[in-house]
Structures are given as structure tokens and as C-alpha cells.
Amino acid sequence: MLELNQLSWKIREKTLLDINHLALAEGQVMGLLGPNGAGKSTLLKAITGEIPASGQALLHGKAIHKWSSQQLARHLAVLPQASQLTFPFQAKEVVALGLTPLSMSHEEGQRHIQRLMEKTDCLHLADRNWPSLSGGERQRVQLARVLLQLSQAEQAPLLLLDEPTSAQDLGQQHSILKLAVELAREQGYGVIAILHDLNQVLHYCHHCYLLKEGQVAAQGKPFDVLRADTVEMYWQYRPREITLDDGLPALI
Amino acid sequence: MLRLPVPMTTGILLLLLTGGSLLSLMLGAMPLPAIESLLSVVDHLSGSTMSRLQDYQHAVITELRLPRILLAIMVGAILAQCGAVMQGLFRNPLADPGIIGVSSGAAVGAVLAIVWAPAAISAWAVPVSAFVCGLITTLLIYSLAQTRAGTSITVLLLAGVAITAFAGAGIGSVSYFANDQDLRALSLWQMGSLAGSNDQNILLSTAALILLAIAFQKRANALNALLLGEAEARHLGIQVERLKLELIVLTAIGVGIAVASAGIIGFIGLVVPHLVRMSTGPNHRTLLPLSALCGAFLLMIADLFARLIVQPAELPVGIVTALMGAPFFMALLIRQRHSWNS
């Protein structure tokens with residue numbers, strides 16, 4: 001569904017992003033990894049068109065900049081790391097902003113809002129004011145918003161998650177990633193998630209790309225890419241490889 | 001935070017607006033009875049002769065008080081809506097056409113036209129010139145305050161200080177060339193006054209209010225999305241650059257016409273959207289129309305005070321709005337200062 005070719009972005013001769021090829025199929029969860037400053041967020045911005053990268057970015061075979069802004073919004077959504085919102089919206093009103101590119105009746109909208117807030121475990125926050133929410137709560141409300149935004153997609157939607165687990169407690173981290181896997185499996189979502197926890201990549205992602213200095217340093221199935229040697233090469237720390245009781249690999 | 005239902009708030013504001021209008025008709029240097037004053041307005045509109053007021057009393061109602069009330073309603077509503085839109089556009093609850101210097105910029109344009117435009121075209125030259133200068137000021141402030149991390153509140157407020165100082169100097173030097181009569185008119189107008197209400201500026205501000213209210217309402221959802229941040233709004237399918245430009249031009253029209261009609265009236269645009277947000281929340285779909293109602297009421301009451309406090313003389317209404325608004329601004333600063341240390 002998503003294909004990037006020769007995507008690059010330079011500022012004054014300095015190459016910040018240089019992706020030869022990257023592809024994501026429907027129903028796949030991709031982990032995006034790399035040390036700080038490797039270009040992970042930049043890559044997400046290049047996909048959405050926020051930065052004027054040169055090269056080709058195709059969503060369902062059509063160049064992303066050729067999509068109408070409304071159609072694109074129905075098929076591509078970004079969960080931001082944090083929000084600039086300072087006004088006292090209630091959580092359910094923030095979720096309702098996801099209706100912006102959609103056309104549905106008020107009742108249908110309210111049903112979707114309720115369902116998605118339940119799914120992202122924030123229905124109990126519905127009437128709370130935004131400024132009173134914690135970072136993790138805000139992120140889950142935003143997740144409900146971006147899922148609402150994708151609820152009328154005609155083709156499989158692409159969901160970009162910018163560090164979706166960074167503000168969450170342990171339990172929430174896993175429920176968010178489980179939700180991503182479920183959306184991919186049941187509704188064909190393509191998901192790209194920037195993650196820092198290598199074990200989460202090992203356990204939840206079908207595929208991973210490791211970035212370094214704006215380039216793809218390694219890619220493949222997480223179990224093949226994330227070996228102790230590779231990790232040591234890119235993060236200057238050598239983890240131990242272990243196998244969990246249920247046979248899953250893990251790094252500690 | 002507890003919110004009031006929107007229909008109830010609308011009802012309360014409409015009642016206040018009606019009551020305030022009636023009081024403004026009755027009270028002043030010459031107090032007049034309520035029923036007769038109302039009948040006098042009906043007579044004026046329908047040509048009937050129901051009111052038993054004397055001719056000179058009738059003239060006070062129809063030629064002095066009614067036009068002022070109408071202008072107060074229009075200008076108050078325009079300023080409050082422009083304030084609400086600017087706060088949304090800058091994603092900052094402290095933006096106000098007065099505080100960030102847009103009104104001063106528009107005032108320079110108006111003064112230039114007052115002093116130098118030929119009398120024959122001044123009715124149009126003043127608002128147009130105020131709009132152009134207001135627009136230039138807004139664009140300048142916007143580009144100054146825009147940083148990669150969003151809108152810088154510090155730059156916004158300091159730019160307001162600089163532009164207000166610059167505009168003050170500009171208006172001062174222009175008024176050096178004005179004759180004595182113009183000078184008094186200028187200095188009153190600079191402090192904000194509804195005393196200059198006439199058919200022309202009432203008509204112009206009514207037309208502006210209708211245009212702005214419709215144009216803003218159409219963009220209310222987009223403004224809500226913009227509060228999330230520009231990138232987020234873009235991801236929601238909003239054409240952010242176009243939206244910003246449209247909003248800047250529209251607010252410049254509103255502020256230009258308000259300033260041309262009534263001078264610099266500060267704080268309505270700051271205080272009103274805050275009051276409305278506190279009662280019914282920040283959703284622009286309800287915030288914008290309710291701000292218009294509340295701004296109309298507030299400016300009308302401020303003008304009533306301006307006429308009553310030192311009667312038979314009167315204060316410029318801008319002084320009254322500043323007396324109400326400045327402490328409010330201080331209270332906001334005190335409440336929010338902790339979050340600004342960064």
C-alpha cells in the first residue's frame with residue numbers, strides 16, 4: 001500500500017533523509033527504529049508531505065501529493081508525540097475533531113466516538129478537560145481521534161504512530177500495540193510505529209526498518225534484524241539474547 | 001469544569017442585550033421613560049406617532065442614542081469575533097487585536113486618511129486605509145511570531161509593544177499637521193469613542209459583521225482543528241496556509257472597519273472570548289456567535305457607563321473598556337505565568 005523510492009531531503013548539502021526503497025503491505029505493522037537523530041520522525045514527515053522531500057511516495061499506487069487533502073486525511077493519519085493544544089476542550093471534543101474530513105450524521109459520529117474511546121481505553125475521560133489530562137491519557141485520546149479520522153476509508157488506511165508508547169505505563173503500552181496489530185489483522189491497516197523498546201518491535205511488528213543518519217541501515221523481520229551484534233553496532237550497547245518460555249526471542 | 005448549556009447562554013445573552021439596549025435608550029444626561037422611548041424608536045422605524053415624547057426628546061432617542069447603540073452592537077460583535085478568531089489563529093488565548101498591535105496599525109491608516117484624504121471620499125477612504133494598514137500589521141506580526149515550534153507568545157506580545165509605540169509616534173506626527181478641530185476629534189477617537197456614529201458607519205459595520213459572521217462560521221471547524229497544531233490540522237485535511245491567510249484578511253477587515261468607525265477600543269476582543277469559553281467551552285462553532293452577542297452587550301454597557309459617569313460630559317468608551325479589561329488581562333497573566341517560564 002505504501003511505497004517509497006529514492007526519497008531524500010537535504011538542507012544546505014547536508015542529507016537528512018535518503019531512503020532508497022521502503023515498502024509496506026496492507027495488514028502489516030512496521031517498527032521504525034534507530035538511535036536519536038537517525039531521521040525517524042523526518043521520515044514520517046516526508047511521507048505526509050510536511051517536508052518537501054524529493055523522490056517518490058506512493059499510497060495505493062498514487063503519489064501522496066496528488067491525493068486531495070480530504071481523501072488523504074481519510075486514508076493517512078498521524079498520532080503525534082505530543083500536542084500543542086492549550087484550550088480547555090473536553091476529551092470527547094478532541095476525539096470529535098477526527099470527524100473534520102468525514103461526512104457522517106451527528107448520531108453516527110457520536111457512536112464512533114464512543115466506540116473508539118472505549119477501544120483506546122479513554123471513555124472514562126470523555127468529559128475531562130484537556131489541560132487536566134496526563135501525557136499518556138492525552139495520547140490515547142489523540143489515538144481515538146486519528147482512528148476516527150480513518151473510519152470512513154475506502155481503501156486500507158495508513159496509520160503513522162510517532163512514539164505511541166513513550167508516555168504510557170507498561171499495561172497501556174501493550175494494549176496500544178495489541179490494538180495496532182488487531183487493526184492490521186482485521187481491517188488491513190498499514191501501521192508504521194516509531195519505537196524505542198526493541199522487545200516491543202520483536203513481539204508486535206511484522207517488519208522493521210533500522211535507520212541511521214537518514215538512511216536505511218538494516219531491514220527485515222525483527223527477529224533477523226535485531227541481533228545482539230546489530231544492536232551493539234548502532235546503539236553501542238550489547239544486549240543478551242534470550243528465549244522466553246513461549247519461544248519468543250527477547251533482548252535484555 | 002462545569003459548562004452552561006448553549007441554548008441557555010444564548011437566551012441569557014439575548015435578554016441582557018435587549019435589557020441593555022433599553023437602558024441605553026432611557027439613561028443619559030436626559031433620562032427618559034422606558035415605554036415612551038421604545039415607542040419613539042417604533043415611530044422612527046414605522047412612521048407612526050405613538051410616542052408622547054417631545055420633539056427634542058424624540059431627537060435624543062433617534063439621532064443620538066439609537067445610532068450609538070447600533071454602532072456599539074456592531075463594533076462590539078466584530079471586535080469580539082475577531083478576538084476569538086485571532087486567539088484561534090495564533091493558538092494563544094492572549095491574542096487580541098489591541099494587545100498585539102493590529103488596532104494601532106489600523107489606527108495609523110485611519111488617521112492618515114482622516115487628515116489627508118479629501119473630505120468627499122473620506123467616508124470610504126478611512127475604513128479602507130484602516131483595513132490596509134491593519135492587514136499589513138497583522139501579516140508583519142504573524143511572520144515575526146511564527147517560529148518552527150509554533151507561534152511565539154513572547155514575540156507576539158513584544159511585537160505588539162513595538163508596533164503600538166511606532167503607531168503612537170506615527171499618529172503623533174500626523175496630528176502635528178492637523179488643525180485644531182481635527183486634533184480634538186483625533187485624540188478622542190484615538191481613545192475609542194462611539195460618539196461619531198452615523199448612518200454610514202453603522203451601515204458599513206453591519207455589512208462587515210454579517211460578512212464576517214458567515215465567513216468565520218464556515219471556518220469554525222477548521223479553526224477547531226487548527227488549535228491542535230498546524231501539522232495536525234493539515235493531517236485532518238485542512239489547507240492550513242490558505243486558511244491562515246483568509247483568517248488574517250478577514251480579521252483585518254473587521255478590525256479596520258471597527259477602528260475606522262469607533263477608534264481604538266481595546267480588550268473587548270480579549271475578554272469576551274474568555275468569558276464565553278469559561279461558560280460554554282472553546283468549540284468555535286458556539287464560541288464565535290456567542291462572542292458576537294457577548295461583545296455587543298459588553299461594548300454597549302461600557303458605552304452606557306461612558307455616558308453616565310461624568311455626565312453631562314462623557315468619557316471615551318475605550319477608557320471604560322480598558323478599565324474593565326486591563327485587570328482581567330492581569331488576572332490572566334497571574335493565572336498563567338507559571339506555564340510561561342519556559
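Letters A, B, ... are given to chains in the order of the sequence lines, protein chains preceding strands, and every chain is numbered from 1.
Annotation: maximal heavy-atom pairing with chain A below 4.5 Å, among L228(B), N283(B), N221(B), occurs at L228(B). Note on R234(B), Q87(B), E232(B), Q239(B): by heavy-atom pairs under 4.5 Å with chain A, the leading option is E232(B). Per-residue counts of heavy-atom pairs under 4.5 Å with chain B were compared for L102(A), L99(A), L76(A), L85(A); the largest is that of L85(A). Chain B forms the most heavy-atom pairs under 4.5 Å with one residue out of K45(A), Q70(A), E50(A), and that residue is E50(A).
Proximity to chain B (any heavy atom under 4.5 Å) is restricted, for Q142(A), to the side chain, taken from C-beta onward. If you measure heavy-atom distances from L72(A) to chain B, you find no contacts under 4.5 Å at all.
Note on E137(A) versus R128(A): salt bridge recorded, some NZ/NE/NH1/NH2 to OD/OE distance being below 4.0 Å. The existence of a salt bridge linking K14(A) and E213(A) is excluded, since no basic side-chain nitrogen approaches an acidic carboxylate oxygen closer than 4.0 Å.
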CA sep, side-chain torsions, deciding dist, call: H75(A), E154(A), side chain to side chain contact (heavy atoms under 4.5 Å, CB included): CA-CA 8 Å; H75(A) 292 88; E154(A) 289 138 17; 4.1 Å; yes
Side chain to side chain contact (heavy atoms under 4.5 Å, CB included) between L158(A) and I47(A), intermediate numbers included: CA-CA 10 Å; L158(A) 173 61; I47(A) 294 173; 4.3 Å; yes
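Aromatic ring orientation, W67(A) versus H60(A): tilted (interplanar angle from 30° to 60°).
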